[in-house]
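FYI, the numbering just counts along the sequence from 1. What you see is a predicted model, and the numbers here were worked out from it, not measured in a lab. Ligands are counted one by one from 1 in listed order, and the atoms in each one are counted from 1 as well.
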Amino acid sequence: MELTYRPRRLRRTPALRSIVREHALSVTDFIYPLFVHEADTVEPVDAMPGTSRWSISGLVSEVQRAWDLGVRCIVLFPKVPKELKTQDGAECLNEDGLIPRTIRRIKQAVPQMIIMTDVALDPYSCDGHDGIVSEAGIILNDETVEQLCRQALVQARAGADLIGPSDMMDGRVGAIREALDNEGFAHVGILSYTAKYSSAYYGPFREALDSAPSPEISKPIPENKDTYQMDPANAREAIVEARLDEQEGADIIMVKPGLAYLDIIRCLREESTLPIAAYNVSGEYSMVKAAAERGWINEKAVVLETLLSFKRAGADLILTYHACDAAVWLKED
Ligand code: PBG
């Protein structure tokens, strides 16, 4: 054939492919989510093979290992004992609670590690919702935002570097920014869960923390989070959320889940100049693990390809339970 263009020319050798490669994964792209509980034991999470509910001291060694592999940011999630859960999630305000204690221990042992925290009431709520549920079964927006501001301050006082509101209440980013600034935490950043969809992919995470919405006899508890998390059918709405978060002072915006929402990452990349994070959530992780355990896929290749797809879509940062494995694999290549 007499072809002018032969795209295969640039695919001929590894060296040629490497000089025209558009995107690359780096270990500094990763944010590593970790679960912590009160017990002294390290408990594997059944639905997420390879992850654990760490004791505080076990978690500190895992954070050190992640740091040594080049990971520079972690995000903490607490499994709160049932007896401490209340309707207003007040345990999240305990300055000596699980998260503040964990933050202080990490800061002693691995002071340079960036610590991100999750702001939402669900791990602390007996109702299993991110906000306060009224007697009528409504998730109260403004009352919740006040509680979230207090929660963010407790985390900042303990030493959190990045506050991650994952609750999807209206106006929370601006309110948290103001609360932080008023208390002398102007240097603490906000990584907002900007476009967080009401997704079935969070199932394994809710098992890890025992935090799923739970029906109660005394009042009607909504069984899903559809009145605050976004409808998976919507894309333009993500732009609305991103504009609001920018105006309200978010430093980094996030799309969650990641894989089924690559179009949203691309859309926000074109819309915003802020750094964008993608959350490669628990259900995405568990599906890969399950298939790999059965020998149906090559885990390393699938994970690296998936993580790269977030970069290609326009993400700067990736929250992923694969962070340490991927860090090791990137060194191998
Ligand atoms: C809680 C929160 C959730 C996740 C992160 N923060 C669950 C939810 O909204 O129900 C999910 C993370 C994952 O699935 O990996 N606000």
Side-chain angles (χ1 to χ4, degrees), residues 30-36 45-53 73-80 85 89 91-92 98-99 116-133 139 141 144-145 147-148 151-152 155 160 162-169 172-173 176 190-214 221-232 241 254-261 277-290 303 306-307 310 317-323:
F30 302 147
I31 298 179
Y32 184 28
L34 290 161
F35 305 120
V36 62
V45 178
D46 286 345
M48 299 175 68
T51 72
S52 303
R53 296 179 198 93
C73 186
I74 55 150
V75 53
L76 297 172
F77 296 103
K79 179 171 193 284
V80 177
K85 297 189 184 189
E91 176 60 17
C92 75
L98 186 53
I99 287 294
M116 172 179 163
T117 47
D118 198 71
V119 168
L121 300 183
D122 50 326
Y124 306 92
S125 152
C126 55
D127 302 332
H129 276 285
D130 295 25
I132 299 168
V133 187
I139 312 322
N141 193 86
T144 297
V145 170
Q147 190 78 330
L148 298 175
Q151 180 184 20
Q155 297 171 347
L162 279 177
I163 302 293
S166 71
D167 54 284
M168 290 303 279
M169 295 300 121
R172 90 281 204 208
V173 170
I176 290 172
I190 298 179
L191 193 165
S192 175
Y193 288 64
T194 296
K196 178 170 179 182
Y197 286 86
S198 188
S199 168
Y201 282 99
Y202 309 149
F205 173 97
R206 291 178 191 169
E207 186 196 300
L209 298 188
D210 188 20
S211 64
S214 47
I221 306 286
E223 57 188 43
N224 58 49
K225 302 190 176 182
D226 292 356
T227 68
Y228 46 106
Q229 297 181 347
M230 286 173 53
D231 186 334
E241 290 285 359
M254 176 154 62
V255 175
K256 176 183 176 194
L259 206 44
Y261 297 84
Y279 200 143
N280 178 214
V281 297
S282 57
E284 299 171 1
Y285 173 88
S286 300
M287 291 193 302
V288 169
K289 284 288 184 180
V303 168
T306 302
L307 296 177
F310 295 123
L317 294 162
I318 307 162
L319 286 80
T320 179
Y321 304 94
H322 298 290

For K225, give me all partners under salt bridge (Lys or Arg N to Asp or Glu O under 4.0 Å), at least two apart in sequence or on another chain.
D122, D130
Considering only the protein, which heavy-atom contact is closest to atom 1 (C) of ligand 1, and what is its distance?
D122 OD2, 2.8 Å
Atom 14 (O) of ligand 1: which protein heavy atom is closest, and how many Å away?
S282 OG, 2.7 Å
Side-chain donor/acceptor of E284 to backbone N/O of G258, under 3.5 Å
yes
Relative to the heavy atoms of F77, which atoms of ligand 1 are at a distance of less than 4.0 Å?
5 (C), 6 (N)
Proximal ligand 1 atoms for R206, defined as those under 4.0 Å from one of its heavy atoms:
8 (C), 10 (O)
Indicate the ring-plane relationship of F205 and F77, choosing parallel, tilted or perpendicular according to the 30° and 60° boundaries.
perpendicular
Is there a heavy atom in Y285 that sits closer than 4.0 Å to ligand 1?
no
With no hydrogens and no angle check, is any side-chain donor or acceptor of Q155 less than 3.5 Å from a backbone partner on I99?
no
Counting heavy atoms under 4.0 Å, the part of A120 that contacts ligand 1 is side chain
Which of the numbered atoms in ligand 1 are below 4.0 angstrom from a heavy atom of Y279?
12 (C), 15 (O)
Is K196 positioned over the aromatic face of Y202, cation under 6.0 angstrom from the ring centre and no more than 45 degrees off axis?
yes
re atom 11 (C) of ligand 1, the protein heavy-atom contact at minimum distance is K256 NZ, 2.9 Å
Quick one: sort the Y228 and H129 rings into parallel, tilted or perpendicular, breaks at 30° and 60°.
perpendicular
At under 4.0 Å between heavy atoms, is it the side chain or the backbone of D118 that contacts ligand 1, or both, or neither?
side chain
for atom 15 (O) of ligand 1, nearest protein heavy atom and its distance come out as Y321 OH, 2.6 Å
What residue and heavy atom of the protein are closest to atom 8 (C) of ligand 1, and at what distance?
K225 NZ, 3.3 Å
Looking only at distance, does D130 have an N or O less than 3.5 Å from an N or O of ligand 1?
yes
Is it the case that the side chain of S282 and the backbone of Y201 share a donor-acceptor pair, with hydrogens and angles ignored and the cut-off at 3.5 Å?
yes
Does Y193 reach ligand 1 with a nitrogen or oxygen that is under 3.5 Å from one of the ligand's nitrogen or oxygen atoms?
no
Indicate, as side chain, backbone, both or neither, the part of V281 found under 4.0 angstrom from ligand 1 when only non-hydrogen atoms are considered.
both
Could you check whether any side-chain heavy atom of K79 comes within less than 4.5 Å of a side-chain heavy atom of P123, counting everything from C-beta outward?
no
Aromatic contact between Y32 and Y321, with the criterion being ring centroids under 6.0 Å apart: yes or no?
no
Taking the side chain as every heavy atom from C-beta outward, state whether V45 and R53 have any pair of such atoms under 4.5 Å apart.
yes
Taking 4.0 angstrom as the limit and counting only heavy atoms of Q229, give me the atoms of ligand 1 inside it, by number and element.
8 (C), 9 (O)
Nearest non-hydrogen protein atom to atom 2 (C) of ligand 1, with distance, is K196 NZ, 3.4 Å
